[in-house]
Number of protein chains: 2
Amino acid sequence: MARKTKAEAAATREALLDAAEEIFLVKGVARTSLEQIARHAGMTRGAVYWHFRNKADLFRAMLNRVRMPFQELVEEIGDPGLAEAPLEAVRLACLSGFERLERPRYRRVHAILIHHCEVFGDIDPLAMQNEMAEESCGALRDYLQCAARLGQLREDLSPELAAKLLQSMLGGLFHDWLRNHEQFSIVEQGMVLVETQLSLFSRQG
Amino acid sequence: MARKTKAEAAATREALLDAAEEIFLVKGVARTSLEQIARHAGMTRGAVYWHFRNKADLFRAMLNRVRMPFQELVEEIGDPGLAEAPLEAVRLACLSGFERLERPRYRRVHAILIHHCEVFGDIDPLAMQNEMAEESCGALRDYLQCAARLGQLREDLSPELAAKLLQSMLGGLFHDWLRNHEQFSIVEQGMVLVETQLSLFSRQG
DNA sequence: CGACAACCATACATTGACGAATGTAAAAAC
DNA sequence: GTTTTTACATTCGTCAATGTATGGTTGTCG
């Protein structure tokens with residue numbers, strides 16, 4: 001095959017990743033061959049093995065397009081008055097996260113990671129989920145501890161417990177929605193749940 | 001090979017299912033061959049193909065050993081005074097469910113279904129999870145509606161919303177614990193979360 | 001304006017899992 | 001006691017997927 005220009009080569013790389021997302025989501029990671037991915041992108045396996053060493057490498061590249069640490073969601077808001085309103089910061093961060101998840105690429109990749117892949121090669125999706133969970137839980141705990149210091153939490157509720165409650169609820173919602181996103185809108189439903197949960201946490205709930 | 005007695009044959013069938021559970025949990029369903037299952041049970045693939053038509057059939061048989069509908073958990077309690085205390089009924093049902101999950105067989109099979117298998121053959125684990133989720137959510141809604149009629153819920157909280165909140169929280173807890181059960185005890189941690197959530201729901205929280 | 005290396009297609013070798021066919025020895029049935 | 005069936009073990013053909021080696025253009029850089 002003839003050599004492509006650098007931009008064209010980068011485009012076929014993205015096309016391969018797009019095709020992988022779509023097929024992984026439908027057939028699962030284990031049951032999709034590199035041949036199917038290549039054909040769906042209008043290429044052959046040669047292109048795949050040029051851009052990626054193997055399926056695990058391709059999988060990692062797919063994940064790297066959608067990294068979304070929790071801290072980024074808060075910084076993304078950029079409101080400087082949030083240090084005194086940690087509960088509102090959590091609310092806005094959830095909103096920001098939900099809106100991102102509605103973008104097809106984010107939704108698909110997270111659905112694949114959580115619901116459509118097993119361990120394979122040197123990839124351990126459960127370990128990745130553990131990292132994500134611990135990171136978000138830690139961030140939530142920080143904000144709720146801050147809220148507790150400011151007296152914005154019920155006195156009979158420890159911030160650690162509230163953080164775990166909220167994190168479990170968010171995780172459950174996340175899983176449910178990723179299982180089939182057509183059942184409900186995660187922005188609408190999620191914000192209703194987050195707001196009622198936070199109002200139950202707050203002093204004058 | 002020599003023929004075994006009926007009891008011995010049933011025992012090897014169970015041994016094959018036990019072996020499948022253990023290996024599925026470690027290597028994932030897709031990456032374990034029937035050969036590995038048979039060898040781990042001290043048999044060969046011939047035994048597997050005698051007792052099961054194929055891998056999907058074996059998988060279904062594995063699931064059938066641990067069916068646990070939500071309603072059963074309530075009936076299992078058998079306390080007749082529960083019609084007037086629906087929140088307590090929910091609490092006890094959660095306790096009963098948590099205790100069951102700590103039994104290795106239940107824990108392993110659910111972990112496999114949720115975290116260690118993709119679609120394969122005519123098996124769709126996500127559809128099964130959907131059924132489980134809708135069933136438990138429906139049951140929770142019934143109990144919380146009952147609680148609302150009895151005036152045991154905060155007036156500013158609809159029972160439907162409370163049910164979704166609780167169901168999401170339980171689902172998140174469920175997923176987190178099944179991901180690695182050594183992180184915490186689901187009976188202890190789960191009951192703390194359920195009780196605080198229910199107390200936040202109740203009128204004099 | 002060459003020469004090289006990038007970009008991808010094609011062909012080939014290897015692996016390993018499945019499923020079916022067949023063998024067999026003992027338990028059940030009569 | 002003979003026959004039949006059960007409960008496996010063994011073997012083998014097939015096929016799909018992987019990985020590698022190789023070839024052929026054509027951008028791109030000195």
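Hydrogens, waters and symmetry mates play no part in the numbers below; they use all other heavy atoms, side chains included. Each chain gets a letter, A, B and so on, in the order the sequences are listed, and its residues count up from 1.
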**Q** Quick check: are there more than 12 heavy atoms from other residues, nucleotides or ligands sitting under 6.0 Å from CZ of B:R31?
**A** no
**Q** Given C:dC18, C:dC7, D:dT10, which nucleotide is nearest the side-chain atoms of B:K55?
**A** C:dC18
**Q** Roughly how many Å is it from CG in B:D57 to P in C:dC18, rounded to a whole number?
**A** 14 Å
**Q** In terms of side-chain heavy atoms of A:N54, which of D:dA17, D:dG19, C:dT10 is nearest?
**A** D:dG19
**Q** Quick one: which of D:dT18, C:dC18, D:dT28 gets closest to the side chain of A:L34?
**A** D:dT18
**Q** Fit a plane to each ring of B:F24 and B:F59, take the angle between them on a 0 to 90° scale, and name the class: parallel (under 30°), tilted (30 to 60°) or perpendicular (over 60°).
**A** tilted
**Q** Should the heavy atoms of other residues, nucleotides or ligands under 6.0 Å from CZ of A:R39 be counted, would the total exceed 12?
**A** no
**Q** Among D:dT20, C:dG19, D:dT10, which nucleotide has an atom closest to any side-chain atom of B:R45?
**A** C:dG19
**Q** What is the separation between atom NZ on B:K27 and atom C1' on C:dA17, rounded to the nearest whole Å?
**A** 12 Å
**Q** Among D:dG19, C:dC18, D:dA9, which is the nearest nucleotide to the side chain of B:Y49?
**A** C:dC18
**Q** D:dC8, OP1 or OP2 - any side-chain N/O from B:T12 closer than 4.0 Å?
**A** yes
**Q** When you get a sec, tell me which of C:dA9, D:dT25, D:dA7 is the closest nucleotide to the side chain of B:A9?
**A** D:dA7
**Q** Quick check: does any side chain N or O of A:E84 sit under 3.5 Å from a backbone N or O of A:L150, one acting as donor and the other as acceptor?
**A** no
**Q** Closer than 3.5 angstrom, by distance alone: can the side chain of B:D124 be matched with the main-chain N or O of B:L126 as a donor-acceptor pair?
**A** yes
**Q** Between A:E8 (CD) and C:dA9 (C1'), how many Å, whole number?
**A** 16 Å
**Q** Between D:dT25, C:dC7, C:dT10, which one does the side chain of A:K4 approach most closely?
**A** C:dC7
**Q** For B:V48 and A:R31, take the nucleotide of DNA chain D holding the closest heavy atom to each; which residue's nucleotide lies nearer the 5' end?
**A** B:V48
**Q** Ignoring backbone atoms, test whether A:T5 places a side-chain nitrogen or oxygen under 4.0 Å from the OP1 or OP2 oxygen of D:dT28.
**A** yes
**Q** Report the residue (A:A7 or B:G42) whose heavy-atom-nearest nucleotide on DNA chain D is the more 5′ of the two.
**A** B:G42
**Q** Rounded to whole angstrom units, what separation is found between the CE atom of A:M43 and the P atom of C:dA6?
**A** 19 Å
**Q** Can you tell which of D:dC8, C:dC7, C:dG19 lies closest to the side chain of A:K6?
**A** C:dC7
**Q** If you only use heavy atoms from C-beta on, which nucleotide in D:dT26, C:dA9, C:dA17 is closest to the side chain of B:S33?
**A** C:dA17
**Q** Mind calculating the distance between CG (B:L16) and C1' (D:dC8) to the nearest angstrom?
**A** 10 Å
**Q** Looking only at side-chain N and O atoms, does B:H51 come under 4.0 Å of OP1 or OP2 in D:dT6?
**A** no
**Q** Send over the distance from B:R39 CZ to D:dT10 C1', rounded to a whole Å.
**A** 13 Å
**Q** May I ask you to check whether A:H181 and A:R107 show a side-chain donor-acceptor distance below 3.5 Å?
**A** yes
**Q** Could you tell me how far apart B:F52 (CZ) and C:dG19 (P) are, to the nearest whole angstrom?
**A** 14 Å
**Q** Could you tell me the separation between the CZ atom of B:R53 and the P atom of C:dC18, rounded to a whole number of Å?
**A** 15 Å
**Q** Does the side chain of B:W50 get closer than 4.0 angstrom to OP1 or OP2 of D:dA7 through an N or O atom?
**A** yes
